[in-house]
Amino acid sequence: MTLFHASFAVQQYDLAATLASGQTFRWRRAGDSWEGVVAARWVRLRQEPGRIRAQTAVPAGDWQWLRHYLQLDIRLEEVLATFPDDEPMRQSIAACRGLRLLRQEPWECLASFICSSTKQIVQIQQIIALLCRRYGDPLPTPEGVGPAWSFPTAARLASVSALELRECKLGFRAPYLAGAAAKLAAGELDLSRLSALPLEEARAALLELHGVGVKIADCVLLFAHGFQEAFPVDVWIARALRRLYFPRRGANLPRLRRFSQTHFGPHAGYAQQYLFHYIRTRDTQTYKRGARRGKRR
DNA sequence: GGCCAGGCGCGTA
DNA sequence: TACGCGCATGGC
């Protein structure tokens with residue numbers, strides 16, 4: 001099979017950190033490359049000095065869809081310059097300079113994060129892989145590469161019973177996903193319109209969905225709609241904020257949310273991703289060891 | 001074997 | 001507004 005190639009000049013782009021930092025769940029490392037699906041196309045990406053090389057199995061047009069997804073035209077230095085000048089952020093930047101936010105397809109992002117609650121990232125990846133395998137459409141892949149599927153549409157998932165969804169290890173999230181799919185399929189919510197709304201209105205629209213709270217809504221606003229002020233506070237970020245900014249007096253969740261809304265500036269969500277990746281890569285080992293011995297913190 | 005996971009909805013104070 | 005609980009399931 002013919003492959004279609006492109007090469008993008010990049011500076012300060014850490015592809016591995018970007019694809020593996022928990023903002024998206026379908027990329028797999030394959031040797032020195034990454035394989036995934038973007039805009040219903042199988043894609044292989046490889047980082048080289050000063051560039052990212054891409055391959056697809058079908059004609060890729062002008063590659064704008066991939067440039068947009070990878071956010072290649074963002075000036076990272078200008079984003080980083082807006083972060084607060086404090087020690088936690090300096091450490092976070094030093095730990096993963098080149099980490100980027102992707103611009104994901106809204107439905108896939110929403111559905112993925114509905115599946116994410118109280119799940120480890122590994123499990124989220126498994127759930128989404130199952131959903132794609134069962135309800136997505138098969139995509140062309142090169143010889144020697146395993147099969148790939150598109151992310152199932154809302155209409156397709158709306159045609160599946162919540163009971164069937166439970167078989168994808170969704171547990172209590174099954175009716176949440178089914179409900180969201182039904183609402184989108186019925187045209188009661190149009191995700192494509194959210195980017196044009198003020199942040200608060202876009203968030204309110206997402207919160208209408210049963211099973212979508214502030215955290216999931218902010219993930220979708222940040223990762224799919226480009227609201228860079230959105231700052232999802234999950235257990236990792238809460239842990240990071242408490243440890244790095246409130247080490248002595250502690251802080252409850254509402255306090256952390258208020259702090260996050262004022263402290264991190266116009267690209268707070270970007271700062272959040274740096275903190276998230278920093279605390280996870282730094283703490284995963286010690287955290288797991290500590291947890292097993294029951295003496296965390 | 002038990003703790004915890006990129007939470008949420010609901011009841012209660 | 002803040003807190004506690006139950007909810008499925010499985011990795012470590």
Side-chain angles (χ1 to χ4, degrees), chain A residues 17-27 92 96 99 101-102 104 108-131 161-180 183 203-204 206-224 230-243 249-261 268-297:
Chain A
T18 299
L19 299 182
S21 63
Q23 56 182 314
T24 179
F25 304 101
R26 299 191 67 194
W27 291 95
S92 299
C96 47
L99 172 65
L101 284 183
L102 300 167
Q104 301 181 51
E108 175 172 343
C109 186
L110 170 62
S112 297
F113 279 96
I114 286 175
C115 299
S116 76
S117 64
T118 329
K119 282 285 180 192
Q120 299 180 80
I121 288 179
V122 190
Q123 296 176 271
I124 303 167
Q125 292 169 337
Q126 293 171 353
I127 291 170
I128 291 168
L130 264 174
L131 287 173
S161 72
L163 204 63
E164 272 186 80
L165 290 182
R166 272 188 189 267
E167 293 175 11
C168 297
K169 306 182 181 181
L170 273 165
F172 62 82
R173 306 155 198 83
Y176 296 158
L177 182 61
K183 201 159 181 178
R203 182 185 286 134
L206 289 169
L207 291 177
E208 293 284 313
L209 297 168
H210 202 64
V212 176
V214 175
K215 189 271 172 182
I216 291 177
D218 279 355
C219 283
V220 177
L221 294 171
L222 178 64
F223 299 143
F231 191 105
V233 180
D234 74 316
V235 289
W236 283 100
I237 286 293
R239 189 177 297 145
L241 294 179
R242 288 192 179 109
R243 197 173 296 171
R249 46 200 169 117
N252 58 20
L253 197 55
R255 175 81 188 92
L256 294 179
R257 286 190 174 133
R258 287 194 297 273
F259 174 75
S260 71
Q261 283 165 21
Y270 232 104
Q272 173 275 155
Q273 199 63 18
Y274 271 77
L275 274 174
F276 181 81
H277 194 254
Y278 169 57
I279 202 75
R280 267 178 41 88
T281 50
R282 191 190 75 164
D283 280 11
T284 294
Q285 293 311 315
T286 51
Y287 165 68
K288 283 178 179 168
R289 281 201 301 273
R292 288 188 69 81
R293 295 194 199 112
K295 57 173 187 180
R296 181 164 57 88
R297 274 194 296 243

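Naming convention: chains lettered A, B, ... in sequence-line order (proteins, then strands); numbering from 1 in each chain. Side chains included, hydrogens not; waters and symmetry mates left out as well; all remaining heavy atoms used.
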ask   = Would one find a side-chain N or O of R280(A) under 4.0 angstrom from OP1 or OP2 of dA5(B)?
value = no
Spacing of F172(A) atom CZ relative to dC5(C) atom P, expressed in whole Å = 17 Å
inquiry  = Can you give me the closest heavy-atom contact between R26(A) and I128(A), atom names plus distance?
reply    = CG-CG2, 3.9 Å
Nearest-angstrom distance from the residue atom CG of L275(A) to P of dG6(B) = 16 Å
inquiry  = Check whether R255(A) reaches the backbone of N252(A) with its side chain - one donor and one acceptor, N or O, closer than 3.5 Å.
reply    = no
ask   = Checking Y270(A) side chain against L101(A) main chain: does a donor-acceptor pair fall under 3.5 Å?
value = yes
task = Using whole Å, report how far CD1 of I237(A) lies from P of dG7(B).
result = 11 Å
ask   = How far does the P atom of dC5(C) sit from the matching atom of dC4(B), given to the nearest Å?
value = 14 Å
inquiry  = Base, sugar-phosphate or nothing for P232(A)? Non-hydrogen atoms, less than 4.0 Å.
reply    = base
query = Can you tell me if R257(A) uses its side chain to pair, donor with acceptor, with the backbone of V233(A) under 3.5 Å?
reply = no
query = dC3(B) and dG6(C): how far apart are their P atoms, nearest whole angstrom?
reply = 14 Å
inquiry  = What's the gap between dG6(B) and dC3(C) when it is taken at their P atoms, as a whole Å value?
reply    = 23 Å
task = Using a cut-off of strictly less than 4.0 Å, decide whether Q123(A) has a side-chain nitrogen or oxygen near OP1 or OP2 of dC12(C).
result = no
ask   = So what does T118(A) hit on the nucleic acid, given a heavy-atom distance under 4.0 Å: a base, only sugar-phosphate, or nothing?
value = base
inquiry  = Quick check against the 3.5 Å criterion: does R242(A) have a side-chain atom that pairs as donor or acceptor with the backbone of A251(A)?
reply    = yes
task = Give the nucleotide from the list dC3(C), dG6(B), dC12(C) with an atom nearest to the side chain of V122(A).
result = dC12(C)
Sidechain-backbone polar pair: Q23(A) side chain, L222(A) backbone, donor-acceptor under 3.5 Å = no
key: Atom-to-atom span, CZ of R257(A) to P of dC3(C) - whole angstrom   = 11 Å
Nearest-angstrom distance from the residue atom CD1 of I121(A) to C1' of dG10(C) = 15 Å
task = Working to the nearest 0.5 Å, report the span between OH of Y274(A) and OG of S92(A).
result = 10.0 Å
task = Give S21(A) one of three labels, base, sugar-phosphate or nothing, depending on what nucleic acid heavy atoms sit under 4.0 Å from its own.
result = base
query = What about Q273(A), does its side chain sit under 3.5 Å from the base of dG6(B) through a donor-acceptor pair?
reply = yes
ask   = Does a side-chain N or O from R258(A) land closer than 4.0 Å to OP1 or OP2 of dA2(C), or not?
value = yes
request  = To the nearest Å, give me how far apart CD (E167(A)) and P (dG10(C)) are.
outcome  = 12 Å
key: Is_stacked (F113(A), dG6(B)) at 5.5 Å, 30 deg   = no
inquiry  = Can you see if the side chain of R173(A) gets near the phosphate of dG7(B) - specifically, an N or O under 4.0 Å from OP1 or OP2?
reply    = no
query = For the rings on F231(A) and F276(A), is their centre-to-centre separation under 6.0 Å?
reply = no
request  = Measure the distance from CD1 on I124(A) to C1' on dG7(B) and round it to the nearest whole Å.
outcome  = 11 Å
key: Nearest-neighbour nucleotide for the Q126(A) side chain, dC8(B), dG11(C), dA2(C) considered   = dG11(C)
task = Take atom CD of Q125(A) and atom P of dG10(C), then tell me their distance rounded to the nearest Å.
result = 16 Å
Listing time: all N or O pairs from protein to nucleotides 9-13 of chain B that are below 3.5 Å?
unit_1	atom_1	unit_2	atom_2	d
dG9(B)	OP1	G211(A)	N	2.8

